Amino acid sequence: MRFVKMHGLGNDYIYVDCTHSPPPSKPEELSRRISDRHFGVGSDGLILICPSERADVRMRIFNADGSEAEMCGNGIRCLAKYVYDHGLVRKRSLRVETGRGVLEVELEVGAEGRVERVTVNMGPPILRAEEIPTTLAGEPPREAPVTVAGRTFAVTAVSMGNPHAVIYVEPEFLKSDSPGDAVAEWGSRLEVAPEFPRRVNVHFVQVQSPHEVTMRTWERGSGLTLACGTGACAVCVAGVVTGRTQRRLRAHLPGGDLDLHWSEADNCVYMTGPAVEVFEGVWPD
Ligand SMILES: N[C@H](CCC[C@H](N)C(=O)O)C(=O)O
C-alpha cells in the first residue's frame, strides 16, 4: 500500500489516497500498526483521502489508537495540499467532506507551484453541552470544575466537531521537564474523565495577550502532539466566551504557530497554517 507522510506543525499523519483504489479493510487496526513509532512508520494517526459525492474529496481520520475522529485541522490542511500538488483537484478553493460536514478550504500556492499555507473555514463552534458531548453544565461550560486524581481543573468545553477541554494554566505547567510532564500526567487523566462520554482532547493554555496564547495538547486517541488544529480553534472560542482573549488569535504550539479568527459575521472559525509533505513510502499489504 502506497502512502505519503505529511505534517501540519509537526502533527504528523500517514495519508493514503483512496480516490482510485479501495480503502484499507481495517483502518482502525492499520492506524494502530502504522502509527507505532518503533514497529511501524510512526505518526499521530492515519488519514484516508476518499472520493465524495458531496464535495471535491472526503477525509477520514483515525487516531494512533485506532479510534476514528470527526475532524482534524492539521490533517485537512495537508489533505488539501496533497490533492492540489498531486493533481487530483487543481483548484485553489476546495470543498472537503468531513465527519462534521463539508468545509471550505483556500490554498496559498508558492513559487514552485506547490501549496505552502492553507486557510480552512472550520465551521461554527458547537457549544451545547449535550452536543460536545459533556455532562458539564453551560452553553458552553465555562471554567467548570473537573477533578481527576484529587486535583481540580477549571475546564471550558467546546466542540469543533470533535470534543475539546480548554484549561488556562500558569507558565510552569507547560514546561515539559519540570519534573516529568504535567501536560502528559494530567492530560491523560482528563482525556478519560467521566464528564466526557466520548473522551476529550485536552489543551493547557497560557495567555500572553488578548491576541496571543501559548498552548500544549494531549490529544484524544494520540496523546502528546506538537500541534492540534481543531484544538487551537477551540482555544480561540474558549478565550472569547471566558473573556480572556479576542476573536483574532495567534496560538503558539510546540510545532509552530496557527492564526485563528472566530468571525462575528458568520460565526465560523477560520484557521490558517502550513502543510508539509515529508516522504512517500510503501507499506506491505
Ligand atoms: N485527536 C483528535 C483528532 C485529531 C485532531 C488534531 N490532530 C487536529 O489537528 O485537529 C480527536 O480524537 O478528536
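Order of listing sets the numbers, starting from 1, for every ligand and every atom in it. This one's a predicted model, so the numbers in the text were calculated from it and none came from an experiment.
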Would you mind running through ligand 1 and noting each atom that sits below 4.0 Å from a heavy atom of [X]?
X	value
Gly229	8 (C), 9 (O), 10 (O)
Gly73	8 (C), 9 (O), 10 (O)
Ile61	3 (C), 4 (C)
Ala69	3 (C), 11 (C), 12 (O), 13 (O)

Which bit of [X] gets closer than 4.0 Å to ligand 1, counting heavy atoms only: side chain, backbone, both or neither?
X	result
Tyr13	side chain
Asp44	neither
Cys72	both
Asn74	both

Looking only at protein heavy atoms, which one is nearest to [atom], and how far off is it?
atom	value
atom 10 (O) of ligand 1	Thr230 OG1, 2.6 Å
atom 6 (C) of ligand 1	Glu219 OE2, 3.4 Å
atom 2 (C) of ligand 1	Asn201 OD1, 3.2 Å

Point to revise | Asn162 N/O to ligand 1 N/O under 3.5 Å | key: yes
Are any of the heavy atoms in [X] under 4.0 Å away from ligand 1?
X	value
Asn11	yes
Cys228	yes
Arg199	no

Is [X] positioned over the aromatic face of [Y], cation under 6.0 angstrom from the ring centre and no more than 45 degrees off axis?
X	Y	result
Arg244	Tyr168	yes
Arg33	Phe39	no
Arg151	Trp186	yes

Check your understanding: Asp259 and His261: side-chain donor and acceptor closer than 3.5 Å?
Key -> no
Review point. Do we see a donor-acceptor contact under 3.5 Å between the side chains of Glu97 and Ser52?
Key: yes
Exercise for review: Look at the rings of Tyr13 and Tyr15 and say which category their plane angle falls in: under 30° parallel, 30 to 60° tilted, over 60° perpendicular.
Suggested key: perpendicular
Exercise for review: Classify the angle between the aromatic ring planes of Phe173 and Phe204 as parallel (below 30°), tilted (30 to 60°) or perpendicular (above 60°).
Suggested key: tilted
Check your understanding: Should the pair Asp181-Arg216 be classified as a salt bridge under the 4.0 Å nitrogen-to-oxygen rule?
Key -> yes
Review point. Charged N to carboxylate O under 4.0 angstrom, Arg100 versus Glu70?
Key: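 Salt bridge: no.
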Review point. If you round to the nearest 0.5 Å, how far is OG1 of Thr98 from CZ of Arg54?
Key: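 These two atoms lie 8.5 Å from each other.
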